[in-house]
Visitor: 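Structure provided below as structure tokens; questions to follow.
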Amino acid sequence: MYVSDKNIKLPTDPNTIVWKYLDLSKFVDLLLTRQLFMSRADKFEDQYEGTFSEPTFEEIRKISSDNPAFLHQYKKHRERVVISSWHTNEWESFAMWQIFTQNNEGLAIQSTLGRLKQALTIDTTYKQYIGEVNYIDYKKDYIPFEDEFFPFLFKRRSFQYEREVRILTDVTTLGKEIDNGLKVPIDIQELIEKIYIHPKSEVWYKNLVIELVRRLGFDFIIEKSDLESDILI
């Protein structure tokens, strides 16, 4: 279920457009299982995920000098938080196609923040929070730590192009061990507003995606990528 948190920053407009770029296998898995995969925080490629900036770490180090368990708790917390990343943008992103899909294949799910929140309400096991990522200088800027999710809502400025919002879940209170991540139930019809197929994909691939969606019983709007527009000169 989606739960709001007054400490977590998020655009207020429910019609804010969000995107998820993914390959065909992950897309099919999403449709077949009707579950959203969320990755364990410390399994991301960025080693800074869920860590603190230098000014914040210095403060935590002082606090933990008499209480080593305090620092250990924060380190272990990265193993118990899972994340699903989404890109906010009114339009498609060429950079996102390049980074998150391969071999001119893949898809982009277009949704909105309002749809995302509503799609999560069917889950009765996990509490999900949605927050906007802040991009900072980890050598100079301070990351607050009064909220348990704050370390996972800050990234280095070099990732600013991602314009990311995140679904976050903490399984600490459930006593659940996570390997690479977990799947949470989600309302697929509510989640997906439109599907865009890779702009450089071949005709057979486009037809495959359309047929797969149809055979699985869905009638999503499947759009031609804006990046595939015909040249007029």
Side-chain angles (χ1 to χ4, degrees), residues 1-41 81-93 96-97 100-101 106-133 149 152-153 162-171 174 176 178 181-198 206 208-226:
M1 70 190 79
Y2 167 70
V3 180
S4 62
D5 185 327
K6 64 180 181 180
N7 294 322
I8 295 178
K9 178 182 171 185
L10 191 66
T12 56
D13 184 0
N15 295 315
T16 299
I17 296 174
V18 296
W19 304 78
K20 182 170 256 323
Y21 294 80
L22 67 173
D23 62 31
L24 184 61
S25 61
K26 291 179 181 176
F27 176 69
V28 171
D29 181 70
L30 175 67
L31 296 188
L32 286 174
T33 65
R34 295 175 183 258
Q35 293 180 316
L36 179 68
F37 177 76
M38 302 181 70
S39 177
R40 203 172 89 175
V81 171
V82 291
I83 297 169
S84 175
S85 300
W86 294 74
H87 171 71
T88 59
N89 206 333
E90 190 173 348
W91 305 279
E92 287 178 74
S93 167
M96 294 295 105
W97 280 121
F100 292 103
T101 62
L107 309 102
I109 295 171
Q110 181 193 306
S111 189
T112 64
L113 282 179
R115 281 178 167 269
L116 207 55
K117 292 176 182 178
Q118 187 61 35
L120 291 166
T121 59
I122 68 169
D123 177 27
T124 58
T125 302
Y126 305 102
K127 293 181 180 179
Q128 288 99 14
Y129 301 82
I130 303 177
E132 184 176 25
V133 173
F149 286 122
F152 306 96
L153 290 171
E162 292 179 349
R163 302 180 60 172
E164 188 178 349
V165 294
R166 296 181 149 184
I167 306 171
L168 305 110
T169 296
D170 184 354
V171 302
L174 300 177
K176 188 178 181 70
I178 302 172
L182 60 80
K183 293 181 178 180
V184 298
I186 197 160
D187 185 338
I188 297 296
Q189 291 287 169
E190 185 65 35
L191 176 70
I192 300 176
E193 185 169 26
K194 295 179 182 179
I195 296 169
Y196 285 74
I197 304 176
H198 197 291
K206 293 180 175 67
L208 173 64
V209 172
I210 293 169
E211 182 64 14
L212 271 172
V213 170
R214 186 189 68 81
R215 290 200 181 193
L216 291 174
F218 297 100
D219 58 354
F220 302 124
I221 297 171
I222 301 178
E223 295 278 8
K224 178 181 179 181
S225 169
D226 291 335

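Everything quoted here is computed from the prediction, not taken from an experiment. These numbers come from the heavy atoms of this one structure, side chains and all, not from hydrogens, waters or symmetry mates.
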Visitor: Partners of Lys183 by salt bridge (charged side-chain N to carboxylate O under 4.0 Å, His left out), sequence neighbours excluded?
Guide: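 Testing Lys183 for salt bridge (charged side-chain N to carboxylate O under 4.0 Å, His left out), a comparison that skips the adjacent residues, returns Asp29.
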
Visitor: Other residues, nucleotides and ligands only: do more than 12 of their heavy atoms fall within 6.0 Å of NZ on Lys206?
Guide: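 Atom NZ in Lys206 is packed in, count exceeds 12.
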
Visitor: Using the test side chain to side chain contact (heavy atoms under 4.5 Å, CB included), find all partners of Thr112 that sit at least two apart in sequence or belong to another chain.
Guide: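 Scan of Thr112 (side chain to side chain contact (heavy atoms under 4.5 Å, CB included), adjacent residues dropped) gives Arg115, Glu193.
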
Visitor: Is there side-chain contact between Leu36 and Ile167, with at least one heavy-atom pair below 4.5 Å?
Guide: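 Side-chain contact under 4.5 Å: yes.
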
Visitor: Hey, does Ile186 have a side-chain heavy atom less than 4.5 Å from the side chain of Leu120?
Guide: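 The answer is yes, as the side chains (C-beta and beyond) meet within the 4.5 Å cut-off.
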
Visitor: Going by the rule side chain to side chain contact (heavy atoms under 4.5 Å, CB included), which residues pair with Phe100 if we only count those two or more places apart in sequence or in a different chain?
Guide: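 In terms of side chain to side chain contact (heavy atoms under 4.5 Å, CB included), with neighbours along the sequence ignored, Phe100 is linked to Tyr21, Met96.
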
Visitor: Which residues satisfy the side-chain hydrogen bond (donor to acceptor under 3.5 Å, both in side chains) test with Trp19, sequence neighbours excluded?
Guide: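 Trp19 satisfies side-chain hydrogen bond (donor to acceptor under 3.5 Å, both in side chains) with no residue once adjacent residues are dropped.
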
Visitor: Got a sec, which residues hit salt bridge (charged side-chain N to carboxylate O under 4.0 Å, His left out) with Glu223, two or more places apart in sequence or on another chain?
Guide: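 Expected list: Lys194.
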
Visitor: Determine whether Lys117 and Pro14 make a side-chain contact, defined as any pair of heavy atoms from C-beta on separated by less than 4.5 Å.
Guide: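 Sidechains of Pro14 and Lys117: no contact.
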
Visitor: Can you name the residues that form a side-chain hydrogen bond (donor to acceptor under 3.5 Å, both in side chains) with Ser25, not counting sequence neighbours?
Guide: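 Residues passing side-chain hydrogen bond (donor to acceptor under 3.5 Å, both in side chains) with Ser25: Asp23.
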
Visitor: Test of understanding: with side chain to side chain contact (heavy atoms under 4.5 Å, CB included), list the residues that count as partners of Asn15, not counting sequence neighbours.
Guide: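 Applying side chain to side chain contact (heavy atoms under 4.5 Å, CB included) to Asn15 gives Asp13.
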
Visitor: Measure the shortest side-chain to side-chain distance between Ser111 and Lys20 over non-hydrogen atoms and say whether it is less than 4.5 angstrom.
Guide: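 Ser111 does not reach Lys20 side chain to side chain.
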
Visitor: With sequence neighbours left out, what residues match Asp187 under side-chain hydrogen bond (donor to acceptor under 3.5 Å, both in side chains)?
Guide: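 Asp187 satisfies side-chain hydrogen bond (donor to acceptor under 3.5 Å, both in side chains) with no other residue.
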
Visitor: Answer whether the closest heavy-atom distance between the side chains of Leu24 and Val209 falls below 4.5 Å.
Guide: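 A side-chain contact under 4.5 Å exists here.
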
Visitor: Please enumerate all residues that pass salt bridge (charged side-chain N to carboxylate O under 4.0 Å, His left out) together with Lys9, with sequence neighbours excluded.
Guide: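 Partners of Lys9 under the salt bridge (charged side-chain N to carboxylate O under 4.0 Å, His left out) test: none.
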
Visitor: Would you call Phe27 and Ile109 a side-chain contact if the rule is heavy atoms closer than 4.5 Å?
Guide: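 Counting from C-beta outward, Phe27 and Ile109 do come under 4.5 Å.
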
Visitor: For a quick test of your reading: what N or O donor-acceptor pairs under 3.5 Å do the side chains of residues 210-221 make, sequence neighbours left out?
Guide:
{"residue": "Glu211", "atom": "OE1", "partner": "Arg214", "partner atom": "NE", "Å": "3.2"}
{"residue": "Glu211", "atom": "OE2", "partner": "Arg214", "partner atom": "NH2", "Å": "2.5"}
{"residue": "Glu211", "atom": "OE2", "partner": "Arg215", "partner atom": "NE", "Å": "2.7"}

Visitor: Keeping the roles fixed (side chain from Thr88, backbone from Arg163), state whether a donor-acceptor pair exists under 3.5 Å.
Guide: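 Yes.
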
Visitor: Quick one: salt bridge (charged side-chain N to carboxylate O under 4.0 Å, His left out) partners of Arg40, sequence neighbours excluded?
Guide: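 Scan of Arg40 (salt bridge (charged side-chain N to carboxylate O under 4.0 Å, His left out), adjacent residues dropped) gives Asp42.
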
Visitor: Which residues satisfy the side-chain hydrogen bond (donor to acceptor under 3.5 Å, both in side chains) test with Thr101, sequence neighbours excluded?
Guide: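 In terms of side-chain hydrogen bond (donor to acceptor under 3.5 Å, both in side chains), with neighbours along the sequence ignored, Thr101 is linked to His198.
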
